[in-house]
Amino acid sequence: MQLHIKNNFSKSLPSDPNLNNTRRQVKEACFSYVIPKQTDNPKIIHVSEDMLSTLGLSSKDAATKDFKNVFTGNLVLENTKPYAMCYGGHQFGNWAGQLGDGRAINLFEVEHRNKIWQVQLKGAGETPYSRTADGLAVLRSSIREYLCSEAMHHLGVPTTRALSLALTGDEVLRDMLYDGNQAYEKGAIVTRVAPSFLRFGNFEIFAARQDHKTLRTLVDYTIENHFPNIGAPSKENYIAFFAEVSQRTLDMIIHWQRVGFVHGVMNTDNMSILGLTIDYGPYGWLEGFDFGWTPNTTDSQHKRYRFGNQPNIGLWNLYKLANALYPLIEDTEPLEHILENYKTDFQRKSFEMMTTKLGLFESDSNDKLLIQNLEDVLLLTETDMTIFFRSLSNFKKGDSKQGLDIVKEAFYVPNQISGSIAQQWRDWFQMYAERLGGETLSEEKRKAKMNAVNPKYVLRNYMAQLAIDDANKGDYKRIDELFQLLKKPYDEQPEHEKWFAKRPDWARHKVGCSMLSCSS
Ligand code: AMP
Ligand code: MG
């Protein structure tokens, strides 16, 4: 196994001089060196071919003992020094102090095809940042992260990636629902890959400690390595940096809204500075279109991180990042201006995203109303978001009567579509049919464009759970089946048509399908 190893992050930034793996507050340092835990009986159960080649590896490499040992933390490669990063964060609206990589350990960076990738293990044991927890991860949450992060990439959503999924052979004690029922589960490790795993919280921690020196060092490093187009460090360029992070964050969230993804824990420690979807915990996919939905039971009371609130939370988090960068800029006006722009850009980009979902490419002053009316009628009864938008591309110009028939598979309780509700749908389809009259694209081209933004297959909550149930019994075929399916989410895959279906009734209130906690 030949990897072109780099250690830019750890070579460029201040490290914690304490080399002991004890829990502590780490000051004036961006990371602490730490060795992953040896595991009892490691076993790789899935590998992403795509990420293998991204890192310059082959399937042959993936079958070696070294691969297994490196990507389960049992072998530390020569010239590499694993480390955990120090960060803080605002959790559920409150400053939580130091958090850090409590169970993520960065192995090294790999350079391949002029790109540099960070490679890290999630679930490889305790670090100085593990606080009261064990640094481990269980199989169910690892499958969820592994499948979803790769699926998101293929959906065109910016995200961290995953190279491999492995069992450690160790057992991990978890209270899955935080209800006092602890049980042993299989331990697992996901190897994650991204250009950087830096989060808003990496910057916040230094600002909170008034350590402006390390803050500046980290910002300069980030711009130089990850935003090289911005140029040399200066007050103006720090502002430009914030503007770009703001834009990337918004673009990522617009993608989430487009595909119906709900992150579930948008704390500032889970916000990537590169605008990547990061930390797949109690996330979920919309089944019924519902702005108020969150999969995270830990957030069920206030629903802070509900689907419809994600854009606002992105902005809230950016305020926190702006505060953290302020000491380097000392001028609120340009930061406020960028945050104001986020709001107007959100309105514009969200509108553009919805028009492409609806296949509207000409401009029409009534489109805002058309979209508003659609959202209103979608909320009247439980209507599957994925099936609705995918089916809508079958709508033919000029015939509004076909509408309900075309989308009927999307309704969870079909006989609710009667009386005034059916009438509201007919009215909407009438408006839509008239609007399509103003489109110049051919029927065929409109359909192709709609199908390129409205996925046919997403990782429905129950699908991940089926793969988990099988894997817990030692059967990993379903993981591969879903992995392959989700590589082409926009394609018709007739052999996989069974996954283009509403959530089955058994999954409505099942743990892992609609109810998830942060326990992982
Ligand atoms: P999360 O909610 O998973 O993003 O985690 C919030 C913080 O808790 C981060 O600092 C994590 O590294 C840490 N953390 C979560 N789970 C564990 C665990 N099992 N062991 C140690 N630290 C953890
Ligand atoms: Mg996290």
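The shown structure was predicted, so the numbers you read here are calculated from the model rather than taken from an experiment. Start at 1 and go down the list; that is how both ligands and their atoms are numbered. Any value given below was found using the heavy atoms of this structure, including those in side chains, with hydrogens, waters and symmetry copies removed.
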Per-atom contacts of ligand 1 with [X], taking only distances under 4.0 Å to non-hydrogen atoms:
X	value
G100	9 (C), 10 (O), 11 (C), 12 (O)
D279	4 (O)
G135	18 (C), 19 (N), 20 (N), 21 (C)
L136	19 (N)
N270	4 (O)

Distance from [atom] to nearest protein heavy atom, with residue and atom:
atom	result
atom 16 (N) of ligand 1	R103 NE, 3.4 Å
atom 18 (C) of ligand 1	A133 CB, 3.4 Å
atom 5 (O) of ligand 1	D269 OD2, 4.6 Å
atom 21 (C) of ligand 1	G102 O, 3.2 Å

For this session: Under the side-chain contact (heavy atoms from CB on, under 4.5 Å) rule, what do M266 and I253 come out as? Steps first, then yes or no, please.
Result: CA-CA 11 Å; M266 291 176 72; I253 296 173; 3.8 Å; yes
Problem set entry | N/O separation below 3.5 Å, D134 to ligand 1 |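 N/O-N/O distance under 3.5 Å: yes.
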Charged N-O contact under 4.0 Å between [X] and [Y]:
X	Y	answer
E185	R140	yes
R24	D16	yes
R192	D279	yes
E204	R209	no
D299	R306	no

For this session: Pick whichever of R174, R131, R23, R199 has a heavy atom sitting closest to atom 13 (C) of ligand 1.
Result: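 Answer by nearest heavy atom: R131.
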Exercise. With a 4.0 Å heavy-atom cut-off (strictly under), which part of Y87 contacts ligand 1: side chain, backbone, both or neither?
Worked result: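 Answer for Y87: side chain.
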For this session: Check whether more than 12 heavy atoms from other residues, nucleotides or ligands sit under 6.0 Å from atom CZ of F92, and answer yes or no.
Result: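 Atom CZ in F92 is packed in, count exceeds 12.
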Exercise. Quick check: does D269 have an N/O/S atom under 2.8 Å of the Mg ion (ligand 2)?
Worked result: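 Here the distance criterion (N, O or S atom, under 2.8 Å) is not met by D269, so no.
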Problem set entry | the Mg ion (ligand 2) to nearest N/O/S of N267 below 2.8 Å |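 Checking the Mg ion (ligand 2) against N267, no N, O or S atom falls under 2.8 Å.
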Exercise. In D279, which N, O or S atom comes closest to the Mg ion (ligand 2)?
Worked result: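 Relative to the Mg ion (ligand 2), the closest nitrogen, oxygen or sulfur of D279 carries the name OD2.
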Problem set entry | Main-chain N/O of H255 paired with D251 side-chain donor or acceptor, under 3.5 Å |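 Side chain of D251 to backbone of H255, a donor-acceptor pair under 3.5 Å: no, none is there.
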Exercise. In terms of the angle between their ring planes, are Y221 and H226 parallel, tilted or perpendicular, with boundaries placed at 30° and 60°?
Worked result: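 Taking H226 first and then Y221, their aromatic rings stand perpendicular (interplane angle over 60°).
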Exercise. Quick one: which of K37, R23, R103 gives a salt bridge (charged side-chain N to carboxylate O under 4.0 Å, His left out) with E126?
Worked result: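 Single salt bridge (charged side-chain N to carboxylate O under 4.0 Å, His left out) partner of E126 among K37, R23, R103: R23.
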